[in-house]
Amino acid sequence: MINPQQHILHRGITSIQGPLVFVRNAEGVGLYDRVEVLVKDGGESRIGRIVSITGEHIVVEVFQGTEGLSLGESRLRLLSEPILLDVGPGMLGRVYDGIGRPIDGGPRIAAHERLRIDGEAINPIRREVPSEFIETGISAIDAMNSLVRGQKLPIFSGSGLSHDRLASNIARFARLRGAKEQEFAVVFAAIGVTFETAEHFRREMDEYGAMERIALFLNLASDAGAERLLTPRVALTTAEYLAYEEGRHVLVILTDVTNYCEALREVSSSHGEVPSRKGYPGYMYSDLATIYERAGRIKGRQGSITQVPILSMPNDDITHPIPDLSGYITEGQIVLDRDLERRGVFPSIELLPCLSRLMNEGIGKDMTHADHPAFAQQLYSSYAQAHQLQLLSSVVGEEGLTANDRRLLRFGERMEREFIHQGNERRTLEETFDIGWSLLSSLPDETLVRLSDSQIGEHVAPRRDV
Amino acid sequence: MTARAEVFWINGPVLKARPEGNFQMKEAVVVGEDRLTAEVIRLDVDSITVQVFEDTTSLKPGVLIEGSGLPLAVDLGPGMVGRMFDGIQRPLETIASRQGDFVHAGVDIPNLDREQAWPFQPEVAEGDEVRSGQRLGVVQETPSLANRILAPRDVEGGRVTWIAPAGEYRLDQPIARIRSEQGECEVAMLRRWPIRIPRPVKQRLTPEQPLLTGQRVIDTLYTISKGGAGAMPGGFGTGKTVLQQTLAKWCDADIIIYIGCGERGNEMASVLEEFPKLEDPRTGRRLMERTVLIANTSNMPVAAREASIYTGITIGEYYRDQGYDVALFADSISRWAEALREISGRLEELPAEEGYPAYLPSRLAEFFERAGRVTTLAGMESSLTVMGTVSPPGGDFSEPVTAHSRRYVKSFMALDRTRAQARFYPAIHPLLSYSEYVENSARWWQQRGGGVRWAEQRAQILELIQEQARLEKMVKIVGRDALPASQRLILVNAEVMVEALLRQSAFSETDRYCSPDKQIAMLRTVGDFIARAEQVVKDGIDPDALLALPVTRRIRRMGEDIPNEKPELFDELAHDLDTAFAALVPATQAATE
Ligand SMILES: Nc1ncnc2c1ncn2[C@@H]1O[C@H](COP(=O)(O)OP(=O)(O)OP(=O)(O)O)[C@@H](O)[C@H]1O
Ligand SMILES: [Mg+2]
């Protein structure tokens, strides 16, 4: 793929342990530099990188498995440069493997530039605070957890839930207000998911005629585990090229981050590192941050990178280290719920644990609607009360509730059936507002404490049945 | 001759090298031709170990480490306020102008600009006797901040032999000469101070004044004192950062140090965007003119994260020594602790709890202990308040960083997921939080006069909250309707009080800052409501009927609806409360009429 200027062919493998290869020290190589592992002379090569240098040894992490390597026959080509990706025009509409090599039979990418896949931190002083509202067409997101350009907003899901459909709906529906069509692009990275999942996404996009705006990166469940550490980075490097060089607004979908974290744990334990919670390495927070923090906007640059990573919560447990650490880095989360899914609510978004931290930057007067913030707050507050009452009524029965409480209970049910549930239909923000205000009009003024008198007068009172 | 060493071992940001010459522990060193900044963290007979504060990608064995003979230090002088620095105090603006939009390793720049000239105004005359810590002159650092240039520590009892006339000077130009027992020395505005060593004071005092924050739940329930230390633990998304930024905006300190330690880049960007636009309600000046920002975002080098809180607190102490009340906010202490853990892991030290090194508690103690109210060397009173957020894994407060922080702070604001999910902000849990500074605040409100019964009202609020928690448990078993009127009244009162006083949106222009007068008026209004409600319920009114009154709705919204500048609206509200309650007719009476 790449023609390095300078390299050293090294034969001194002394040990192979899991994904790690130990070789005798060599001159001129640096930390995290790229390594090509030649299984046999003239045979295939695999990609790796130097993860530590100990005085006697160089430790190489091999991303594509160490099966078939041998001490005597395998060699390493040590390149004195980090892992780079060729980027250039024509990256969209293509399918790549998990390390960024085209696998669709098309031509190679004519390298315009070679970028470090692990990226570098955006200088915080150069960041532009994301503030442009994206209409995703999904009520529970647009009204209650608004997404803005440059945000990272993951979907916390569970195995078997409909996160893939939600993600592809977002990719299809998302309307970037004011952006010309061709400025918009999607980078989809499959990380350890099944062929079917990846293929499904591709077909949906194809049907929609959006394939030429998409770059697909596939590390499938059957591909090497350690390669998963590269896939999101390769995808994000491509996204950065598309955003910052070609000026596009890029939506990056990473699925499934849980598989990434498992690969990280596996590699970490083969290093013999002291684990933190549940065996995951103590640096998993910083490591995930190097992925998630690549979302954003940069002052004076045209494009943007919006991330919608998907992760499945092991045992539906939101306190599990993977969702927990992710939630500490991302700018909110959309949480799916098994119970709603069972009841046929789609998207099965459980509102209470959801959050969009950048919402306030992108909604309100001149952006969506002046009363949008109060509207969302009131729906949240009433829905939370309804939720409490649901728990309560399951113990004491509805008879123990006051008339107002019963009204709230009805409101909660209708929220789920009429507001959250929307099937595969796209809703405009105006339609969403209309449903929400109507639902609020079933509640008496005294419970609508988050709305001002004039907001009630304008939106709620006219919708009340007389 | 400076010591040198040759690198032979590389593991992330940690290097080992074979030394030639003498290195000291905590010595600042530079690595390789790119001159990466690093610090010695371990010494052995034939090797030294350093942590590098920058990205070590592509670093090769064989590169040379050069000693400096001095501990890792920051520049102190005018030019810090209003700016953003990285974890080892390099100005991010200058880095951006050299390197562009992304940060990469190897930028060899001074921390504070040596080229810029500052207007110096002398305050001593030749022949004057000086004491260390005494003012030699001032520099107007920003329109609202006079940077007081103090005499250094080692000139006690000396005399000024020369003082620069008023005029513009660069940081490293001499502005005075002082002759003391140690001989004659030249003094410039610029000082260096090692970040891991607390700056000396004459005396430590206990905190006395409250730090007013304009946040009702803090100013009335879980108060902070100037010179105190506090922790804000909470799971992700519970509102730690918003709360800290809110305090950084509205608290009545003179200087704010805000450290983004291992958190989001966008959060730092939003501070940079917002603070210059906001006005200090007390001085009318821009908030940015009193704020120093330190940023090590979660994807920036981890060793610099470990250093960032010391960099911040050293800068805080510098302004404290000038007689100012400084408030430092560190978000998040957990990320600092994790950085410590990561470095410790790479050194293969024996871990204690959850992989953290055994010295975690002592490091935490050292940090929080740098907070305090003091008498400076020159006899001025000033303070440094330290507030840190804690990000417990899974929101579990029994984990080591929360548990140990708790031992060293006196104000503990526990943020609660359930409240945050219902969008009830600030989501401070009233039963899990506490403050040991309440007496200071009680004294202050008392002395402020105006017939406020602060301590009494606070006790009443807490009691109400406790009763509410107890009754809600009963409601869960028997239902609300099964409770007698007297108990339902408590629930109604609690609901109104909590909503009216404790809820305060950081994004509401009217309510994000609540002046002391408004707080008093609101406390009084709620007190009135409770007193009246007790009366009418005694007379046979159903407590739940009170919730349906329009005036009750207005009380619950008064924070948002009534601005600080319109206290008369509270009198109006009180009047309407009277009228509405007087018009209530008990159901039984209504039936007989
Ligand atoms: N006082 C407040 N007023 C209004 N909204 C708030 C307040 N506090 C928090 N919020 C809302 O909650 C969101 C999350 O708050 P914040 O970012 O401070 O959480 P956090 O505890 O710092 O989370 P993390 O640990 O992941 O950084 C904010 O984006 C904001 O929408
Ligand atoms: Mg935060």
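Just so it is clear: chains get the letters A, B, ... in the order the sequence lines come, proteins before strands, and each one is counted from 1.
- Interface residue Glu338(B): only side-chain heavy atoms are found under 4.5 Å from chain A.
- For Glu120(A), the parts lying near chain B are the backbone and the side chain together; criterion is any non-hydrogen pair under 4.5 Å.
- Only the side chain of Arg357(A) comes within contact range of chain B, judged by heavy atoms closer than 4.5 Å.
- Using a 4.5 Å cut-off between heavy atoms, Glu499(B) touches chain A through its side chain atoms alone.
- Here Thr54(A) is the residue among Val395(A), Thr54(A), Asp33(A), Thr319(A) with the most heavy-atom pairs under 4.5 Å with chain B.
- With chain B as partner, the option from His271(A), Glu56(A), Arg301(A), Gln385(A) having the largest number of non-hydrogen pairs under 4.5 angstrom is Arg301(A).
- Looking at Asn266(B) and Lys152(A), their side chains come closer than 4.5 Å, going by heavy atoms from C-beta outward.
- Using a 4.5 Å cut-off between heavy atoms, Pro351(B) contacts chain A through its side chain alone, with no backbone atom that close.
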- request: Would you sort out whether Asn299(B) and Ser286(A) count as a side-chain hydrogen bond (donor to acceptor under 3.5 Å, both in side chains), showing the intermediate values?
  value: CA-CA 6 Å; Asn299(B) 55 346; Ser286(A) 299; over 6 Å; no

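- Both the backbone and the side chain of Pro392(B) come within less than 4.5 Å of a heavy atom of chain A.
- A salt bridge is defined here as a Lys NZ or Arg NE, NH1 or NH2 lying under 4.0 Å from an Asp or Glu carboxylate O, and Arg116(A) with Asp55(B) meets this definition.
- In terms of heavy-atom proximity, Leu355(A) sits nearest to Arg423(B) at CA-NH2, 3.7 Å.
- Both the backbone and the side chain of Leu92(B) come within contact range of chain A, each with at least one heavy atom under 4.5 Å from a heavy atom of that chain.
- Only the backbone of Ile477(B) comes within contact range of chain A, with heavy atoms under 4.5 Å apart.
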- request: Given side chain to side chain contact (heavy atoms under 4.5 Å, CB included), test Ile318(A) with Phe236(B) step by step and report yes or no.
  value: CA-CA 11 Å; Ile318(A) 198 169; Phe236(B) 64 79; 4.3 Å; yes

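- Top candidate by heavy-atom pairs under 4.5 Å with chain B, chosen from Ser381(A), Ser276(A), Ser452(A), is Ser452(A).
- Qualifying salt bridge (charged side-chain N to carboxylate O under 4.0 Å, His left out) partners for Glu361(A), counting only residues two or more places apart in sequence or in other chains: none.
- Considering only heavy-atom pairs separated by less than 4.5 Å from chain B, the leading option among Ala384(A), Gly332(A), Gly327(A) is Gly327(A).
- Looking at Arg557(B), its side chain does come within 3.5 Å of a backbone N or O of Val449(A) through a donor-acceptor pair.
- In this structure Tyr383(A) satisfies the side-chain hydrogen bond (donor to acceptor under 3.5 Å, both in side chains) test together with Glu416(A), sequence neighbours excluded.
- For Val63(B), no part lies near chain A; criterion is any non-hydrogen pair under 4.5 Å.
- Between Lys299(A) and Glu273(B) there is no salt bridge, since no side-chain N of the basic residue sits under 4.0 Å from a carboxylate O of the acidic one.
- Asp101(B) places no side-chain N or O within 3.5 Å of a backbone atom of Arg126(A) that could act as its donor or acceptor partner.
- At a 4.5 Å heavy-atom cutoff, the contact between Thr297(B) and chain A is made by side-chain atoms alone.
- With chain B as partner, the option from Ala289(A), Gly296(A), Ser382(A) having the largest number of non-hydrogen pairs under 4.5 angstrom is Ala289(A).
- When heavy atoms are compared at a cutoff of 4.5 Å, Phe85(B) does not approach chain A at all.
- Partner of Arg553(B) under the side chain to side chain donor-acceptor pair (under 3.5 Å) criterion, chosen from Thr447(A), Asp453(A), Asp445(A): Asp453(A).
- A distance-only check finds a donor-acceptor pair linking the side chain of Tyr285(A) to the backbone of Gly262(B) [under 3.5 Å].
- Annotation: cation-pi geometry not satisfied between Arg264(B) and Tyr328(A) (NZ/CZ under 6.0 angstrom from ring centroid, within 45° of ring axis).
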